Amino acid sequence: MSTVGGSEATELWLRWKRAHELVRAAVVAETTAASGLSEAELSVLVCLHESGGSLRQNALAAALNWDRTRLSHLLTRMADRDYVARDKVPNGMEVALRPEGRNAINATLPTLEKATRRHLLDRLGPDDARTLKAITDRLLSDDGGAAEVTSGH
């Protein structure tokens with residue numbers, strides 16, 4: 001994939017973006033089809049699961065990099081399905097997995113693991129996987145520049 005007059009940085013960005021989109025789409029399609037969850041519901045349930053089962057609503061929005069209004073509407077629908085509960089706490093709302101949500105994510109995790117292996121890890125060698133982890137860890141640890149870009153500062 002070469003860009004006409006493009007720089008090495010642009011070419012790398014476009015290749016990275018395309019690879020991410022292809023792998024992400026395949027993993028999400030397989031996982032959502034098997035679970036009956038939407039991608040957004042899956043994202044919320046995984047985030048809550050990884051956090052130990054509950055988070056402040058504003059922390060959940062920040063972790064997902066979502067607008068608070070979008071998250072609020074989704075959480076209302078998820079509460080109606082008994083996946084999550086929202087409780088008022090001082091200075092905000094606490095979102096917690098309900099048993100139905102915990103069951104849904106626990107049932108989905110094996111499919112997510114298999115899909116991730118099939119569409120990402122199995123296509124990499126052991127050294128490639130370690131290198132990719134190191135690169136992503138380094139990119140994720142540098143929140144300063146990303147936060148400035150996403151917040152508009």
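This one's a predicted model, so the numbers in the text were calculated from it and none came from an experiment.
In this structure, CZ in R117 is found 15.5 Å from CZ in R123, a value given to the nearest 0.5 Å. Note that CG of L112 is 11.5 Å distant from CG of L45, once rounded to the nearest 0.5 Å. The line from CG of L120 to NE2 of H20 is 10.5 Å long, rounded to the nearest 0.5 Å. Atom SG of C47 sits about 9.0 Å away from atom CH2 of W66, to the nearest 0.5 Å. If you take CG on L139 and CH2 on W16, they are separated by 5.5 Å, rounding to the nearest 0.5 Å. Distance check, rounded to the nearest 0.5 Å: CG of N103 to CG of D82 gives 10.0 Å.
A donor-acceptor pair is defined here as one N or O able to donate and one able to accept, closer than 3.5 Å; no such pair exists between the side chain of S72 and the backbone of R68. Side-chain N or O atoms of E41 include one that pairs as donor or acceptor with a backbone N or O of S38 at under 3.5 Å. The backbone N or O of L48 sits less than 3.5 Å from a side-chain atom of S51, completing a donor-acceptor pair.
Closest approach of A115 to T31, counting heavy atoms only: CB-OG1, 4.0 Å. The two residues R86 and T76 have their closest heavy-atom pair at NH2-OG1, 2.7 Å. The minimum heavy-atom distance between T108 and S35, with the atom names listed, is OG1-CB, 3.3 Å. In this structure, L64 and S43 approach most closely via the heavy-atom pair CD2-O, 3.8 Å. Heavy atoms only, all atoms of each residue included: G36 and R81 are closest at O-NH2, 4.1 Å. Shortest non-hydrogen contact noted between R98 and V84 is CG-C, 3.2 Å.
Residues L132 and V27 are members of one and the same hydrophobic cluster, defined by side-chain heavy-atom contacts under 4.5 angstrom among Ile, Leu, Val, Met, Phe, Trp and Tyr. L74 and V95 fall within the same hydrophobic cluster, where Ile, Leu, Val, Met, Phe, Trp and Tyr residues are linked whenever their side-chain heavy atoms come under 4.5 Å apart, directly or through other members. Both V46 and L60 are members of a single hydrophobic cluster when ILVMFWY side chains are connected at heavy-atom separations under 4.5 Å. L109 and V23 end up in the same hydrophobic cluster when Ile, Leu, Val, Met, Phe, Trp and Tyr side chains are linked at under 4.5 Å.
For the pair E94 and K88, the minimum side-chain heavy-atom distance is 4.5 Å or more. V89 places a side-chain heavy atom less than 4.5 Å from the side chain of R56. Residues H49 and N106 are in side-chain contact: their nearest non-hydrogen atoms beyond the backbone lie under 4.5 Å apart.
Salt bridge annotation for E113-R118: absent, with no cationic side-chain nitrogen under 4.0 angstrom from a carboxylate oxygen. Electrostatic pairing of R130 and D127 counts as a salt bridge here, judged by a charged N lying under 4.0 Å from a carboxylate O.
No hydrogens or angles considered: nothing links the side chains of T32 and E39 as a donor-acceptor pair under 3.5 Å.
Other residues, nucleotides and ligands place no more than 12 heavy atoms under 6.0 Å from the CG atom of N91.
No option in I105, L97, L75 other than L75 meets the side-chain contact (heavy atoms from CB on, under 4.5 Å) test with V44. Among the candidates D137, T131, T136, the single residue satisfying the side-chain hydrogen bond (donor to acceptor under 3.5 Å, both in side chains) test with K133 is D137.
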message: Before you tell me yes or no, could you show the steps for L121 and D128 under side-chain contact (heavy atoms from CB on, under 4.5 Å), namely the whole-Å CA-CA distance, both residues' side-chain angles and the distance that decides it to 0.1 Å?
response: CA-CA 9 Å; L121 294 180; D128 296 334; over 6 Å; no

